[in-house]
Amino acid sequence: MIVQSPTVPESQPLIEVRHLKVHFPVNRSLTGRPRAWVKAVDDISFSIRKGETFSLVGESGCGKSTTGYALLGMLKPTAGELYFEGRPLESDDEEGRRVVRRQMQIVFQDPFASLNPKMCIGESIAEPLRAAGTPQEKIPGRVADLLDMVGLHRSYADRLPNQFSGGQRQRIVIARALAMQPKLIVCDEPVSALDVSIRSQILNLLLKLQQELGISYLFISHDLSVVRHLSDRVAVMYLGHIVELAETTELFDYTVHPYTQALFSAIPRIDPDQKGKRRLILQGDLPSPLNPPTGCPLCTRCPHRLPVCETALPPMEEIRPGHMVACFRASEFCHPSART
Ligand SMILES: Nc1ncnc2c1ncn2[C@@H]1O[C@H](COP(=O)(O)OP(=O)(O)OP(=O)(O)O)[C@@H](O)[C@H]1O
Ligand SMILES: [Mg+2]
């Protein structure tokens, strides 16, 4: 059983991302000059509110992790602006970045790879505390409190990572992320490497911590039923672009973009109300991000494309309150007659 996410009131965003681009140089010549660029993230804008779970969904390779890493300063953006609590985050302002970096943490998919196998878990949790200058005498107590918070016994601090189950190891990684009292945690597929039976325990832990501590999550997942259950808002990515963004219920009940429709068509439906809904299958394969289509990124696969889709990039437009879509035919797909 997964507990419900708290409702989040409208507030000043914790993070604001404006026109973010992350392009990777590839295929360098002998002189070191790149011959091509992978446009992993190509001009995306969104904000994350305080205490909110904001999810990124989309096919493998669409740029979800790259977006998270750019937010955390683990990758240098090619272009765009990032704001943390209204203050600009300049990538060359090392000191400012370091201070904000502590307030933003990440939980990866594989907890075993995130922990040093030779270091007892108490030491792993203490590492960021030491780095932040916590006095030595306060560290054992703080480590014990963090273990409590994630539902592990304090006496486990002396054990090595291989003495824990996968779910327990992810709890340890979460405890370490909490050590810096972060305001944002990027959760990059945090439960996909775990046994199905313990996934909901970890998701419940994340929700409990959010309720207690008011943390925001950037939640990245392929599991749309988890995203639906956990998120306040969802952005759908395709080939480095955000194609649709809305409150979770709005997005799932009122899907507009053909790509989102195709993505959601893959969810098995047991709800009788949903059974008659139109399913959409995309044509062809995902284009290479080295050579993306000009115009709308979906134009090579979209059954509804118009000539304009092949030449111009559709702008993000608000089609209902808080519901943004980048599609030239969005207003048509919004119409009740198109929603059979
Ligand atoms: N360091 C890099 N150099 C070159 N290309 C990269 C690099 N990192 C990522 N990419 C490419 O950028 C694109 C986006 O990658 P990213 O890891 O962000 O995707 P993702 O949506 O997280 O995928 P997944 O769901 O599989 O984790 C992919 O085409 C990937 O191959
Ligand atoms: Mg990824």
Side-chain angles (χ1 to χ4, degrees), residues 15 17 19-29 32-46 48 53-80 82 91 104-114 170 173 177 184-194 199 202 206 217-228 230-231 233-245 251 257 259-260 262-264 266-267 282 284-294 297-298 300-301 326:
I15 301 267
V17 175
H19 304 293
L20 177 71
K21 291 186 185 180
V22 184
H23 295 177
F24 294 110
V26 286
N27 196 8
R28 288 182 189 274
S29 66
R33 283 170 65 119
R35 291 198 181 106
W37 296 84
V38 173
K39 296 181 176 178
V41 172
D42 202 19
D43 196 352
I44 64 169
S45 299
F46 61 92
I48 303 177
T53 300
F54 184 91
S55 289
L56 288 179
V57 298
E59 277 165 278
S60 185
C62 68
K64 304 179 297 294
S65 298
T66 304
T67 303
Y69 301 159
L71 234 71
L72 294 167
M74 292 161 67
L75 282 175
K76 195 171 162 69
T78 310
L82 300 173
S91 43
M104 299 196 276
Q105 298 291 319
I106 185 160
V107 171
F108 291 104
Q109 178 175 345
D110 180 0
F112 204 59
S114 308
Q170 198 59 303
V173 172
L184 174 87
I185 300 184
V186 174
C187 301
D188 193 352
E189 300 276 1
V191 294
S192 16
L194 304 178
R199 284 183 188 177
I202 297 297
L206 289 171
Y217 293 130
L218 175 64
F219 193 83
I220 297 172
S221 178
H222 284 111
D223 188 334
L224 294 171
S225 42
V226 166
V227 165
R228 184 175 194 170
L230 211 83
S231 321
R233 288 185 304 147
V234 182
V236 181
M237 289 189 75
Y238 182 77
L239 272 183
H241 298 263
I242 291 181
V243 296
E244 189 159 11
L245 189 165
L251 186 76
H257 197 284
Y259 178 67
T260 319
L263 194 68
F264 289 0
I267 311 175
L282 293 176
D285 295 327
L286 183 70
S288 160
L290 270 173
N291 188 21
T294 47
L298 192 66
T300 52
R301 304 172 78 192

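We count ligands from 1, going down the list as the structure has it; atoms in each ligand are counted the same way. Just so it is clear, the values below take in all heavy atoms, side chains as well, and ignore hydrogens, waters and symmetry mates.
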Residue part near ligand 1, for Val38, under 4.0 Å between non-hydrogen atoms: side chain
Side chain, backbone, both or neither: Cys62 near ligand 1, heavy atoms under 4.0 Å: both
What is the nearest protein non-hydrogen atom to [atom], stated with its residue, atom name and distance?
atom                    : answer
atom 9 (C) of ligand 1  : Phe24 CE1, 3.5 Å
atom 17 (O) of ligand 1 : Ser65 CB, 3.9 Å
atom 25 (O) of ligand 1 : Lys64 NZ, 2.8 Å

Contact check: Gly61 vs ligand 1, nitrogen or oxygen atoms, below 3.5 angstrom: yes
Ligand 1 to Glu189 polar contact by distance, N or O atoms, under 3.5 Å: no
If the cut-off is 4.0 Å to any non-hydrogen atom of [X], which atoms of ligand 1 fall inside it?
X      : answer
His222 : 25 (O)
Gly63  : 14 (C), 18 (O), 19 (O), 20 (P), 21 (O)
Thr66  : 14 (C), 15 (O), 16 (P), 18 (O)
Pro289 : 29 (O)

Inter- and intrachain pairs under side-chain hydrogen bond (donor to acceptor under 3.5 Å, both in side chains), touching residues 56-66, at least two apart: Glu59-Tyr259, Ser65-Asp188
Partner set under ring pair (Phe, Tyr, Trp, His ring centres under 6.0 Å) for Phe46, not counting sequence neighbours: Phe54
Under 3.5 Å: donor-acceptor pair, side chain of Thr78, backbone of His23: yes
Check: His257 side chain, Ala326 main-chain N or O, donor-acceptor pair, under 3.5 Å: yes
Option of least heavy-atom distance to atom 24 (P) of ligand 1 (set: Pro25, Ala36, Ser60, Gly240): Ser60
Working for side-chain contact (heavy atoms from CB on, under 4.5 Å), residues Thr67 and Val17: CA-CA 10 Å; Thr67 303; Val17 175; 5.8 Å; no
side-chain contact (heavy atoms from CB on, under 4.5 Å) between Val173 and Phe108, intermediate numbers included: CA-CA 9 Å; Val173 172; Phe108 291 104; over 6 Å; no
Residue among Val234, Val226, Val107, Ile185 satisfying side chain to side chain contact (heavy atoms under 4.5 Å, CB included) with Phe219: Val226
Atoms named by residue and atom, protein N, O or S, within reach of the Mg ion (ligand 2) (under 2.8 Å): Ser65 OG
Verdict with reasoning, Gln170 to Val191, per side-chain contact (heavy atoms from CB on, under 4.5 Å): CA-CA 8 Å; Gln170 198 59 303; Val191 294; 5.8 Å; no
Those residues that, when tested against Asp110, pass side-chain hydrogen bond (donor to acceptor under 3.5 Å, both in side chains) (two or more places apart): none
